[in-house]
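Note that ligands are numbered from 1 as they come in the structure, with each ligand's atoms numbered from 1 the same way.
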Amino acid sequence: MTGLVDSHTHLASRQFKADLPQVLERARQAGVGAMVVPSVDLNNAREVLAIAEAEPDVHAAVGIHPCDADSVSDDTWVDALRELARHPKVVALGETGLDYFHAPPMGFTASAWRDWQQRLLRLHLELAVELGLNVVLHNRESWQDLVAAVAPFHGRLRAQFHCFTGTLEAAKPLLEAGHLISFTGIVTFKNGGHMPATAAAAPAGSFMLETDAPYLAPMPFRGKRCEPAYVRHSAEKTASLRGMTLAELTDETTATARGFFRGLGVPVKDSG
Ligand SMILES: [Zn+2]
């Protein structure tokens with residue numbers, strides 16, 4: 001069987017500063033063969049790339065998170081991001097997207113903040129097309145606007161709608177356009193909403209697994225710091241929901257991740 005992929009894990013978070021080597025070791029012990037680390041702003045992207053340079057199984061996505069859209073004040077970031085995206089360990093752009101849940105930062109009205117996030121999102125999508133990269137998308141209480149912003153790019157790029165918690169019905173038009181969804185540890189929660197049903201029924205090849213570490217630890221670690229090793233708990237739960245073995249689910253989701261993230265290497269483990 002191949003290793004699992006944690007397709008969204010914030011290893012450059014402050015919360016991993018003290019013990020990153022141990023976190024990575026536990027992930028490898030748990031059967032994680034590759035980790036994709038999205039960035040939240042340009043400085044964070046440089047930290048993510050430094051980790052990816054040191055660790056063969058860590059790959060980077062570079063971008064500006066909608067909640068950090070105020071880290072830039074004009075469009076010059078696009079040139080900086082284009083430069084960062086040339087790094088050989090970059091497998092996607094992101095995370096970008098929209099977040100209408102958190103209050104706007106100082107200096108922004110609610111509508112100006114939404115407009116600014118939408119501008120950054122559109123420029124990320126245009127850059128992704130230019131560079132031939134796929135994108136990692138964040139959504140919080142912004143679903144309709146996010147889907148509308150991506151629609152003009154159908155066929156020109158693929159998007160990972162990360163931490164997807166909706167119904168398969170809601171995902172269908174996106175999956176048909178070649179996009180993917182990914183499931184966090186919420187799939188293991190007793191009150192996981194639509195997640196278990198969506199994870200059970202999503203077509204093979206349409207979804208990936210992720211931790212969103214340090215957030216959203218699966219059962220039995222719910223409420224604690226999440227780490228990439230725990231993607232295995234979500235994988236086991238998803239496999240059982242789908243009536244598959246962990247090995248089958250791993251092979252399927254890892255193949256999906258390889259097809260999505262440019263140049264994602266996942267070592268094939270021997271069966272011993
Ligand atoms: Zn994230």
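- D6 approaches V32 most closely through the heavy-atom pair N-CG1, 4.2 Å.
- No more than 12 heavy atoms of other residues, nucleotides or ligands lie within 6.0 Å of OH in Y215, so this atom counts as exposed by the packing criterion.
- A search for side chain to side chain donor-acceptor pair (under 3.5 Å) contacts involving R156 returns nothing, not counting sequence neighbours.
- Note: Y230 and F221 have parallel aromatic rings, judged against thresholds of 30 and 60 degrees for the angle between ring planes.
- Residues C163 and I186 form a side-chain contact, since some pair of their non-hydrogen atoms from C-beta on lies under 4.5 Å apart.
- Excluding waters, the set of protein N/O/S atoms under 2.8 Å from the Zn ion (ligand 1) reads H8 NE2, H10 NE2, E95 OE2.
- Geometric assessment of R114 against the ring of Y100 yields a positive cation-pi assignment under the 6.0 Å and 45° thresholds.
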